[in-house]
Amino acid sequence: MTGIRSRTAASSSDPAEERRLGRAFFDRPTVGVARELLGARLRVTAHGLTREVRLVETEAYLRGDEASHAFRGPTRRNRSMFGPPGSLYVYRIHQVVCANLVTRRGEAVLLRAGALLAAGDETATGPGRLCRALGVRIEDDGVDVTVGSRVAVFARRVRPRRIGVGARVGISRATERPLRFWIDGDAAVSRPRPALRPGR
DNA sequence: GAAAAGATTACCT
DNA sequence: GGTAATCTTTTCC
């Protein structure tokens, strides 16, 4: 189709190795999903344009987690977090939007950074920039990524050698929990904020 | 209805 | 290192 699409297909999307992640992948404990999404590919098609990233940084938000938007139960904004596993939860913060993948009811994985596959491996660092780079919009809130062609997630082909673990970014409660994960040593992860310091 | 806060980012010193 | 921008949702009175 488009030039970008064919470059993507030629360089990184061997159809023989595409394995789309389905409901069962997301219907598991959230920390495991957050870790296994590292290296997975997220593909978004909007306005006839397809963009794709390899995820390199994620965060888990759990039940009973004071930092989670779902902590006080469903509201208009967070209702997608209570949808089926594999739902997209997109919320607006200041002037940007951020995207999560819902796991089990009321839990989700925030997508913090990814390497853009069709743009010379440029990195989209930060959840707002990641969504902007992919073309994710607030209207994508609630989209089921396990069906349809708008948004799809594909399993990683190789397990990351080392996964960094640290505190989540930008929260004011439950700030110490080691629920942020990144591919340690990956070229796309330049310096993803310090890991949780032992004993502090 | 009013006020505060925010899972961010860009720009400042 | 710190803070302003900027606006929707949530919370409180």
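Just so you know, these numbers come straight off a predicted model, no measurement behind them. Reminder, nothing fancy here: chain letters follow the sequence lines and each chain counts from 1.
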Practice task
Using a strict 4.0 Å threshold on nitrogen-to-oxygen distance, state whether A:Asp141 and A:Arg77 make a salt bridge.
Solution key: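 The answer is no: the pair does not qualify as a salt bridge.
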Handout entry: Ionic contact status for A:Glu36 with A:Arg156, cut-off 4.0 Å
Key =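 A:Glu36 and A:Arg156: not salt-bridged.
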Exercise for the section: Pick base, sugar-phosphate or nothing for A:Arg168, based on heavy-atom distances below 4.0 Å to the nucleic acid. Expected result: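 Since no nucleic acid heavy atom lies under 4.0 Å of A:Arg168, the category is nothing.
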Practice task
Using a heavy-atom cut-off of under 4.0 Å over every strand shown, decide if A:Ile93 touches base, sugar-phosphate, or nothing.
Solution key: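 Touches a base.
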Residue-phosphate contact under 4.0 Å: [X] side-chain N/O, [N] OP1/OP2:
X	N	value
A:His69	B:dA7	yes
A:Arg112	B:dT8	yes
A:Arg76	C:dT8	no
A:Ser172	B:dA5	no
A:Thr75	C:dT10	yes

Exercise for the section: Would you mind telling me which residue lines up with the more 5' stretch of DNA chain B, A:Ala70 or A:Arg132, judged by nearest nucleotide? Expected result: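 Looking at DNA chain B, the more 5' nearest nucleotide goes with A:Ala70.
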Practice task
Can you tell me, in whole Å, how much space there is between the P of B:dA7 and that of C:dC12?
Solution key: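 Going atom to atom, P in each nucleotide, I get 16 Å.
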Problem - C1' spacing across the pair C:dT6 / B:dT13, given as an integer number of angstrom - result: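 Result for the C1' pair: 22 Å, nearest Å.
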Practice task
Rounded to the nearest 0.5 Å, what's the gap from CD on A:Glu59 to CH2 on A:Trp182? Could you check?
Solution key: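 Those atoms lie 10.0 Å apart.
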Handout entry: Distance in Å, A:Arg35 CZ paired with A:Leu179 CG, rounded so as to fall on 0.5 Å steps
Key =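 Atom-to-atom, A:Arg35:CZ and A:Leu179:CG are 11.0 Å apart.
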Problem - Atom-pair distance (CD on A:Glu66; P on B:dG6), nearest Å - result: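 The answer, rounded to whole Å, is 12 Å.
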Exercise for the section: Please answer whether B:dA7 and A:Tyr61 are stacked, defined here as ring centres separated by less than 5.5 Å and planes angled under 30°. Expected result: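 It does: the ring sits over the base of B:dA7.
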Exercise for the section: Determine which nucleotide pairs with C:dT6, using a 3.5 Å limit on both distances of a Watson-Crick or G-U wobble pair. Expected result: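 No nucleotide pairs with C:dT6.
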Handout entry: Any-strand Watson-Crick or G-U partner of B:dA7, both distances under 3.5 Å
Key =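 WC or wobble partner does not exist here.
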Exercise for the section: Could you check which of C:dT8, C:dC7, B:dA7 has an atom nearest any side-chain atom of A:Gln95? Expected result: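 Closest nucleotide among those given: C:dC7.
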Handout entry: Which nucleotide in B:dG6, B:dT9, C:dT9 has an atom nearest any side-chain atom of A:Arg77
Key =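 Shortest atom-to-atom distance from the side chain points to C:dT9.
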Practice task
Search all heavy atoms of A:Arg132 against all heavy atoms of A:Arg51 and return the closest pair with its distance.
Solution key: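 Shortest heavy-atom contact: O-NH1, 4.5 Å.
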